[in-house]
> 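So that we are looking at the same thing, I have put the structure below in C-alpha cells.
Basis for what follows: all heavy atoms, side chains included, without hydrogens, waters or symmetry-related copies. In this text, all values refer to a predicted model and were calculated from it rather than measured experimentally.
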Amino acid sequence: FNRNDISSIKNFIMNFFSQLSHKTPLFGLVLTGGKSTRMKQDKAKLEYHGKPQFQHTYDLLSTCCEKVFISSRAEQKEDFPLPQIHDTFLDLGPMGGILSALKAYPKTAFLVLACDLPYITQETLKKLLTNRNTFKIATAYQSPSDSFPEPLCAIYEPKSKTRLLQFLALDYSCPRKVLINSDTKLIHPEQVHEMNNINHPEEIISLICL
C-alpha cells in the first residue's frame, strides 16, 4: 500500500483480524451454579419445555456451539449428566462461572446462557451470533426494561477475561457492571419478553404460553 492510502490500510487490517477472530472456537456455557434461594427449588431442573431447563438450555446452545458445558459448583457434579466446568472462582455468582470457563479455555469465546431464561429461542441465539463483533469484549442483548446489557445471554470473547479480572480486582463481581463500563456490542431483542428471567415461584404462573 501507499503509506497515504489510510482507508485501504485500515480495511486490510480490519479484514485480517476479523478473519483471525472467526477462527476462535465458540463454546456454550449453561449457568446453573446459583443456589435458587428465591425460587426455593433448583431453577435448573424446572421444566418449561418438556424437559429440565438445564437440558433445554444445553440443547439450544448445542445448535450453534462446537462444545457446550454446564457451569456448576463442584458439589453439583452428580446433578447434571453432561460435560461440566466447575467453579474455580468461588462465591462470585455468574461472574465466577464465566471466569472459570475463560480460565479453563483461555483461547475460546463463550456463548453464555443462564438456565432461568425460558423465553430464549434458537432465533434469539442466531441473532446474537449474526451481530457478534469480535473486536468488542462481548456481544450482548440490551434489556428492554432498563437498557442495560443482559450479561447472561451474551458472547464473551477470550479478551473479556482480562476485563473481568480488572473489575474483580476492584471488588466488583457483577458481569453487567463490567459490560456497561466496557466496549460491548449491544443489540435489541425481537420480543420484549425474551430477556425475562424466572426467579420466584409466582412468576412461573405468569409465564406466557411457550
Side-chain angles (χ1 to χ4, degrees), residues 10-11 13-34 57 60-61 64-69 71 85 87-117 120 124-190 192 194-197 199:
K10 176 185 174 182
N11 289 336
I13 293 173
M14 293 291 286
N15 288 333
F16 174 80
F17 281 105
S18 178
Q19 293 173 14
L20 192 64
S21 297
H22 284 299
K23 295 179 181 179
T24 302
L26 178 67
F27 291 175
L29 188 70
V30 181
L31 294 177
T32 62
T57 308
L60 267 181
L61 290 173
C64 55
C65 299
E66 295 179 36
K67 296 181 181 179
V68 182
F69 295 93
S71 171
I85 296 177
D87 290 349
T88 53
F89 291 81
L90 304 178
D91 301 320
L92 294 176
M95 181 89 134
I98 297 167
L99 273 171
S100 298
L102 291 168
K103 177 185 176 183
Y105 296 92
K107 296 182 179 180
T108 299
F110 277 90
L111 201 174
V112 172
L113 185 58
C115 67
D116 61 355
L117 294 169
I120 299 296
T124 311
L125 301 183
K126 182 179 179 180
K127 182 174 180 178
L128 191 65
L129 289 165
T130 300
N131 289 276
R132 177 186 178 188
N133 187 333
T134 56
F135 290 99
K136 309 290 186 179
I137 73 156
T139 302
Y141 276 104
Q142 189 172 31
S143 172
S145 61
D146 55 21
S147 297
F148 290 142
E150 175 47 70
L152 307 188
C153 181
I155 299 172
Y156 290 80
E157 303 299 336
K159 58 192 165 193
S160 67
K161 176 185 172 185
T162 299
R163 189 64 172 165
L164 291 165
L165 288 173
Q166 287 174 342
F167 273 73
L168 189 58
L170 296 172
D171 204 26
Y172 291 109
S173 59
C174 174
R176 173 171 283 162
K177 189 177 293 291
V178 177
L179 297 188
I180 291 172
N181 294 281
S182 302
D183 191 15
T184 303
K185 170 70 179 291
L186 294 180
I187 60 176
H188 299 281
E190 294 291 335
V192 174
E194 276 183 287
M195 297 298 113
N196 289 354
N197 61 354
N199 285 316

> Which residue pairs satisfy the salt bridge (charged side-chain N to carboxylate O under 4.0 Å, His left out) criterion with at least one member in residues 165-174, sequence neighbours excluded?
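Every pair satisfying salt bridge (charged side-chain N to carboxylate O under 4.0 Å, His left out) with a residue in residues 165-174: there are none.
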
> Taking side chain to side chain donor-acceptor pair (under 3.5 Å) as the test, write out the residues that go with Ser173, two or more places apart.
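Ser173 satisfies side chain to side chain donor-acceptor pair (under 3.5 Å) with no residue once adjacent residues are dropped.
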
> Shortest non-hydrogen contact from Pro106 to Pro158?
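It is O-CB, 3.4 Å.
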
> Return the set of residues passing salt bridge (charged side-chain N to carboxylate O under 4.0 Å, His left out) with Lys161 (not counting sequence neighbours), or none when no residue passes.
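With sequence neighbours excluded, Lys161 shows a salt bridge (charged side-chain N to carboxylate O under 4.0 Å, His left out) to no residue whatsoever.
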
> Would you say that Ser71 contacts Ile85 through its side chain, given a criterion of any heavy-atom pair below 4.5 Å between the two side chains?
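No, their side chains stay 4.5 Å or more apart.
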
> Give the table of side-chain donor-acceptor pairs shorter than 3.5 Å for residues 145-152, with sequence neighbours excluded, one pair per line with atom names and distance.
unit_1: Ser145; atom_1: OG; unit_2: Ser143; atom_2: OG; d: 2.8
unit_1: Asp146; atom_1: OD1; unit_2: Ser143; atom_2: OG; d: 3.3
unit_1: Asp146; atom_1: OD1; unit_2: Phe148; atom_2: N; d: 3.0
unit_1: Glu150; atom_1: OE1; unit_2: Arg176; atom_2: NH2; d: 3.4
unit_1: Glu150; atom_1: OE2; unit_2: Leu152; atom_2: N; d: 2.9

> Decide yes or no for Lys67 and Thr108: does some side-chain heavy atom of the first lie under 4.5 Å from some side-chain heavy atom of the second?
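Side-chain contact under 4.5 Å: no.
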
> According to salt bridge (charged side-chain N to carboxylate O under 4.0 Å, His left out), who are the partners of Lys127, at least two apart in sequence or on a separate chain?
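Lys127 satisfies salt bridge (charged side-chain N to carboxylate O under 4.0 Å, His left out) with Glu190 once adjacent residues are dropped.
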
> Classify the ring geometry between Phe69 and Phe110 as parallel (under 30°), tilted (30 to 60°) or perpendicular (over 60°).
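Geometry flag for Phe110 against Phe69: tilted rings.
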
> Would you say the side chain of Leu111 lies within less than 4.5 Å of the side chain of Leu129, judging by non-hydrogen atoms?
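With C-beta onward as the side chain, the pair touches.
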
> Contact between Tyr156 and Leu179 at the side-chain level, heavy atoms closer than 4.5 Å - yes or no?
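Counting from C-beta outward, Tyr156 and Leu179 do come under 4.5 Å.
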
> The criterion is side chain to side chain donor-acceptor pair (under 3.5 Å); which residues satisfy it with Asn181, sequence neighbours excluded?
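Per chain and number, Asn181 pairs via side chain to side chain donor-acceptor pair (under 3.5 Å) with no residue.
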
> For the pair Leu92 and Leu168, evaluate side-chain contact (heavy atoms from CB on, under 4.5 Å) and give the outcome as yes or no after the intermediate values.
CA-CA 9 Å; Leu92 294 176; Leu168 189 58; 3.9 Å; yes

> Quickly, which of Thr88, Leu165, Asp87 forms a side chain to side chain contact (heavy atoms under 4.5 Å, CB included) with Leu99? Name it, please.
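That would be Leu165.
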
> Any non-hydrogen side-chain atom of Leu113 less than 4.5 Å from a side-chain atom of Val30?
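Answer no - side chains too far apart.
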
> Between Tyr141 (side chain only) and Thr124 (backbone N and O only), is there a donor and an acceptor less than 3.5 Å apart?
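Yes; at least one donor-acceptor contact below 3.5 Å.
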
> In Å and rounded to the nearest 0.5 Å, what is the NZ to CG distance from Lys103 to Leu164?
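That separation rounds to 14.0 Å.
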
> Using the rule side chain to side chain donor-acceptor pair (under 3.5 Å), only one of Lys185, Arg163, Arg132 pairs with Glu157; which is it?
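Going through Lys185, Arg163, Arg132 one by one, the side chain to side chain donor-acceptor pair (under 3.5 Å) with Glu157 is satisfied by Arg132 alone.
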
> Looking at Lys159 and Phe135, what are the two nearest heavy atoms and their distance?
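Scanning both residues completely, I find the closest heavy atoms to be NZ-O, 2.9 Å.
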
